[in-house]
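Below you'll find the structure, written out as structure tokens, and then a few comments.
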Amino acid sequence: CLPGTQTSTSTSRSSSTSRSSSTSRASSTSSTTSRPTSTTTSTRSSSSTVLTTSSTRTSTTTSSSSTPTGSLSPAWQAAYTKARNAVARLSLSEKVSLGTGIQWQRGPCVGNTAAISTINFPGLCLQDGPLGIRFADLVSVFPAGINAAATFNRDLIQQRGAALGAEFKAKGVHVALGPAMNIARIPAAGRNWEGFGGDPYLSGEAAYQTIVGIQSNGVQACAKHYINK
């Protein structure tokens, strides 16, 4: 009887272990199966939140950057509106052309931007320089910036700018590449004479008056250079 009983007990134990093991495995499998579902749901939910937040941020940024005209004058607001409408009609290649130009001296001026017929843009002519029109005949050579600054006279400096602007306008130039407003830090620098000297206040005042004078003739002034040579 003992061997039979032992066998029966072993079988029973074996059965019980097997069942327990199976149950455990089943539970484990069930648990494992349900976990990824939960994780997946959680991940999706998380992902959804991130996307929503990101979308909101983008929307806010776009909104703030698309309305920079709040504090501008009516004339500037009209200019921004006109520019936005024009840019919206440009192709990618036309945008690149507008932003890069057609290289040095590949047109009537030292710098040129190609015309874009789709928006009736005639192109731009950008021409040197701070003392008068470069590479042109029948033009004046005006007093150098350093000499103009030595007068300490705002009115005279503005009149000089206006005379510069009138000649640029008469020659068909859209953008005058000046005034030069580098601060003269090294006495031996070869282009110190273009600017208004080593005093920041004097240089700022002289540059301002020159720009006002040039632009009074409908020519855009281009203050330079922001990186000293």
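Just so we're clear, the structure is a prediction, and the values are computed from it rather than from any experiment.
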query: Mind checking what makes salt bridge (Lys or Arg N to Asp or Glu O under 4.0 Å) contact with E194, not counting sequence neighbours?
result: R191
statement: Sorted by chain and number, sequence neighbours left out, salt bridge (Lys or Arg N to Asp or Glu O under 4.0 Å) with R154 holds for E205
- prompt: Can you name the closest pair of heavy atoms from P200 and G198 and give their distance?
  reply: CD-O, 3.4 Å
task: Kindly say whether P143 contributes a backbone atom to a donor-acceptor pair with the side chain of N147 at under 3.5 angstrom?
output: no
Donor-acceptor contact below 3.5 Å, side chain N112 vs main chain C109: yes
message: Determine whether a donor-acceptor pair (N or O, by modelled atom type, separation under 3.5 Å) exists between the side chain of H174 and the backbone of L124.
response: no
message: Could you list the cluster mates of I214? Members are the ILVMFWY residues connected by side-chain heavy atoms closer than 4.5 Å, either directly or through other members.
response: I133, V139, F142, L164, F168, V173, V219
- prompt: Is there any salt bridge (Lys or Arg N to Asp or Glu O under 4.0 Å) pair reaching into residues 172-181, and which pairs are they, with sequence neighbours excluded?
  reply: none
query: Counting only N and O atoms by type, is there a donor-acceptor contact under 3.5 Å from the side chain of S203 to the main-chain atoms of D199?
result: no
- request: Using the salt bridge (Lys or Arg N to Asp or Glu O under 4.0 Å) rule, collect all pairs that involve residues 115-128, keeping only residues at least two apart or in two chains.
  value: D128-R134, D128-K224
message: Would a single hydrophobic cluster contain both V87 and V96, if residues Ile, Leu, Val, Met, Phe, Trp and Tyr are joined by side-chain heavy-atom contacts under 4.5 Å?
response: no
- request: Look only at the side chain of Q127 and the backbone of V110, and say whether a donor-acceptor pair between them is shorter than 3.5 Å.
  value: yes
- prompt: Distance from I116 atom CD1 to L98 atom CG, nearest 0.5 Å?
  reply: 4.5 Å
- line: Residue set satisfying side chain to side chain donor-acceptor pair (under 3.5 Å) with S93, at least two apart, ordered chain then number -> S91
message: Is there a path of hydrophobic side-chain contacts, each under 4.5 Å between heavy atoms of I/L/V/M/F/W/Y residues, joining L90 to F121?
response: yes
field: Linked hydrophobic residues, F152 as query - side chain contacts closer than 4.5 Å
entry: L202
Qualifying salt bridge (Lys or Arg N to Asp or Glu O under 4.0 Å) pairs with a residue from residues 94-119, counting only residues at least two apart or across chains: none
- prompt: Can you list the other members of the hydrophobic cluster that holds I102, where links are side-chain heavy atoms under 4.5 angstrom apart?
  reply: none
query: Which residues satisfy the side-chain contact (heavy atoms from CB on, under 4.5 Å) test with D155, sequence neighbours excluded?
result: N153, Q159
query: Is there any side chain to side chain donor-acceptor pair (under 3.5 Å) pair reaching into residues 213-222, and which pairs are they, with sequence neighbours excluded?
result: none
- request: Keeping to residues at least two apart or across chains, list the salt bridge (Lys or Arg N to Asp or Glu O under 4.0 Å) pairs with something in residues 165-177.
  value: D137-K171
